[in-house]
Amino acid sequence: MAPIVEVSNLTKTYKGGFQALGGVNLEIEEGEILALLGPNGAGKTTLISTICGIVTPTAGSVRVGGHDTITDYRAARSLIGLVPQELTLEPFETVMNTVRLSRGLFGKPKDDAHIEKVLRQLSLWDKKDNKIMMLSGGMKRRVLIAKALSHEPRVLFLDEPTAGVDVELRRDMWDVVEELRKTGVTIILTTHYIEEAEAIADRVGVIAKGEILLVQDKAELMAQMGQKQLQIDIATPVSTLPVSLVDRGLTVEESGTRLIYTYDTRAERTGITALLNDLQAENIQMTDLSTTQSSLEEIFVGLVKESA
Ligand SMILES: Nc1ncnc2c1ncn2[C@@H]1O[C@H](COP(=O)(O)OP(=O)(O)OP(=O)(O)O)[C@@H](O)[C@H]1O
Ligand SMILES: [Mg+2]
């Protein structure tokens, strides 16, 4: 199946000469959740805005559902829902009317049954007659999502859906995203919270200085790039290690009661078996063993640093 979004060699140079996107290529499969991870100013909003046709590209092209976003703008745009980074709502309007109006702007016929479905899905139905100004920040963000879903898009862009939101609301938002995915909507979200990408994305794209450094299946990314550490707790503290163990790269922590062995999960041999044999030969008695994997955070920081 063709990707729902195809971005080819997309470049954006703003007036004044600043290049915010430098030849981005990206394909997004229908039904997936893609998280675009990048530091401030990386070009995340520019990329999303260009895909949505709000910002005109300097070069390159974007197709959504096979429609070119420039030559076939209306068809492409009607497939897209966008939740912008900034809150933009009419304070005196009611929730219901705000979402209705949004649907109207896309030239879709009135369909209050659909609006009701969307508002219920976002737990906003009991607030439908409230004025926007009476809502909390988290609810306003949900209204923005409801607006973006009002015209039944197939692709939903969420630009930093949880920026400045407390931990509980953030988890709430993750649940909302998960619910939306079940309806078959493709979701692209930007974030600089690594744990957010880790929690909800199928694939993670890392963007820095207007370039996509990588796009990869989240689990694969973590498995491939991750180093693992084996922690070995020992019965009798050691102050220095026997030479045979130092040679294996073992280090001592926790005032001599814990040994740490770092290994590469991609390596053909991890060296663990040999290490355990050596420990036995040295008469070091183990009380516990555990492994930890380097997090997406470490991978991300490493990648962005490399590109700097
Ligand atoms: N209208 C504009 N004119 C000139 N430069 C711009 C404009 N909009 C954005 N930029 C610049 O382009 C770069 C990318 O901005 P963008 O908003 O896409 O980053 P971002 O990754 O979304 O950042 P953040 O995480 O802070 O939202 C920045 O250096 C920004 O200053
Ligand atoms: Mg942004």
Side-chain angles (χ1 to χ4, degrees), residues 5 7-26 28 33-62 64 69-70 73 77 80-89 137-138 140-145 147-148 155-167 169-170 173-174 176-177 186-201 203-216 218 221 296-297 299-308:
V5 178
V7 177
S8 318
N9 296 315
L10 199 66
T11 302
K12 176 62 189 180
T13 305
Y14 282 111
K15 274 188 212 124
F18 184 81
Q19 192 185 55
L21 294 178
V24 169
N25 290 292
L26 182 64
I28 300 164
I33 300 182
L34 172 70
L36 288 172
L37 203 57
N40 285 130
K44 301 182 296 295
T45 299
T46 303
L47 176 58
I48 283 189
S49 308
T50 314
I51 295 175
C52 296
I54 293 167
V55 166
T56 319
T58 308
S61 67
V62 180
V64 179
T69 51
I70 293 174
Y73 175 75
R77 187 65 181 90
I80 297 173
L82 170 64
V83 181
Q85 188 167 1
E86 310 294 337
L87 294 169
T88 46
L89 292 164
K140 283 182 193 145
R141 222 163 257 285
R142 283 166 183 257
V143 174
L144 283 176
I145 298 179
K147 274 182 68 174
V155 191
L156 180 67
F157 289 89
L158 297 159
D159 198 357
E160 310 232 5
T162 65
V165 160
D166 71 27
V167 178
L169 270 179
R170 179 167 304 151
M173 188 60 75
W174 294 352
V176 167
V177 170
T186 306
I187 298 168
I188 296 96
L189 62 102
T190 70
T191 181
H192 26 231
Y193 298 114
I194 289 145
E195 77 266 27
E196 186 153 285
E198 207 164 334
I200 57 179
R203 278 200 306 160
V204 175
V206 176
I207 176 167
K209 295 192 173 156
E211 290 189 19
I212 299 231
L213 302 179
L214 112 175
V215 189
Q216 209 173 358
K218 179 184 63 184
L221 177 69
L296 191 55
E297 170 147 20
I299 297 169
F300 171 65
V301 171
L303 267 173
V304 172
K305 215 185 271 163
E306 260 173 49
S307 82

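The first residue of the sequence shown is numbered 1, and numbering continues consecutively from there. In listed order, ligands and their atoms are each counted from 1.
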>> Quick one, L89 and L144 - any side-chain contact, counting heavy atoms below 4.5 Å?
In response: yes
> Which is closest to atom 19 (O) of ligand 1 by heavy-atom distance: G210, P39, G17, G43?
Replying inline: G43
>> Starting from atom 14 (C) of ligand 1, what is the nearest protein heavy atom, named by residue and atom, and what distance separates them?
In response: G41 O, 3.4 Å
List, one per line, each side-chain donor-acceptor pair under 3.5 Å for residues 10-24, sequence neighbours excluded.
residue	atom	partner	partner atom	Å
T11	OG1	G23	N	3.4
K12	NZ	T56	O	2.8
Y14	OH	T46	OG1	2.9

> Would S8 and N25 count as a side-chain hydrogen bond (donor to acceptor under 3.5 Å, both in side chains) if you check the C-alpha gap in whole Å, the side-chain angles of each, and the deciding distance to 0.1 Å?
Replying inline: CA-CA 5 Å; S8 318; N25 290 292; 4.9 Å; no
> Which residue supplies the protein heavy atom nearest to atom 9 (C) of ligand 1, what is that atom called, and how far is it?
Replying inline: Y14 CE1, 3.4 Å
>> Between T162 and L169, is there a side-chain heavy-atom distance shorter than 4.5 Å?
In response: no
>> Geometry only, no angles: is A42 polar-contacting ligand 1 at N/O separations under 3.5 Å?
In response: yes
> Taking side chain as C-beta onward, heavy atoms only, is Q216 less than 4.5 Å from V204?
Replying inline: no
>> Checking the N or O distance criterion of under 3.5 Å, is ligand 1 in contact with K15?
In response: no
>> Can you report which non-hydrogen protein atom sits closest to atom 13 (C) of ligand 1, along with the distance?
In response: F18 CE2, 3.4 Å
> Between I51 and T69, what is the shortest heavy-atom contact and its length?
Replying inline: O-CG2, 3.4 Å
> Is there a protein heavy atom at a distance of less than 4.0 Å from atom 31 (O) of ligand 1?
Replying inline: no
>> Exactly one of L36, V83, I200 should register a side chain to side chain contact (heavy atoms under 4.5 Å, CB included) with L189. Which one does?
In response: I200
> What residue and atom, counting heavy atoms only, is the protein's closest point to atom 27 (O) of ligand 1, and at what distance?
Replying inline: Q85 NE2, 2.9 Å
> What are the two closest non-hydrogen atoms of C52 and F157, and how far apart are they?
Replying inline: SG-CD1, 3.7 Å
> Side chains of T190 and L158: does their closest heavy-atom pair fall under 4.5 Å?
Replying inline: no
>> Just to confirm my output: which protein heavy-atom neighbour is closest to atom 17 (O) of ligand 1, and how far is it?
In response: T45 CB, 3.6 Å
> Which residue and non-hydrogen atom of the protein lie closest to atom 24 (P) of ligand 1, and at what distance in Å?
Replying inline: N40 ND2, 3.6 Å
>> Between M173 and R141, is there a side-chain heavy-atom distance shorter than 4.5 Å?
In response: yes
>> Is there a side-chain contact between Y193 and E198 in this structure, where contact means two heavy atoms from C-beta onward sitting under 4.5 Å apart?
In response: no
>> Suppose we measure from atom 15 (O) of ligand 1 to each protein heavy atom; which comes out shortest, and what is that distance?
In response: T46 OG1, 3.8 Å
>> Between ligand 1 and G38, can you find any atom pair, the residue atom being a heavy atom, that is separated by under 4.0 Å?
In response: no
> Hey, does R142 have a side-chain heavy atom less than 4.5 Å from the side chain of V176?
Replying inline: yes
> Considering all heavy atoms of both residues, which atom of A197 and which atom of A35 are nearest to each other, and what is their separation?
Replying inline: CB-CB, 3.8 Å
> Do any protein N, O or S atoms sit under 2.8 Å from the Mg ion (ligand 2), and which ones are they?
Replying inline: T45 OG1, Q85 OE1
>> I need the atoms of ligand 1 closer than 4.0 Å to a non-hydrogen atom of A20, numbered in the order shown.
In response: 12 (O)
>> Heavy atoms only, cut-off 4.0 Å: how does E160 contact ligand 1, side chain, backbone, both, or neither?
In response: side chain
>> Among all the protein's non-hydrogen atoms, which is closest to atom 25 (O) of ligand 1, and how far away is it?
In response: K44 NZ, 2.7 Å
>> In the complex you have, is atom 6 (C) of ligand 1 within reach of the protein, judged by whether a heavy-atom distance drops under 4.0 Å?
In response: yes
> Are the side chains of I70 and P57 in touch, meaning some heavy atoms are under 4.5 Å apart?
Replying inline: yes
>> List ligand 1 atoms under 4.0 Å from H192, heavy atoms only on the residue side.
In response: 25 (O)
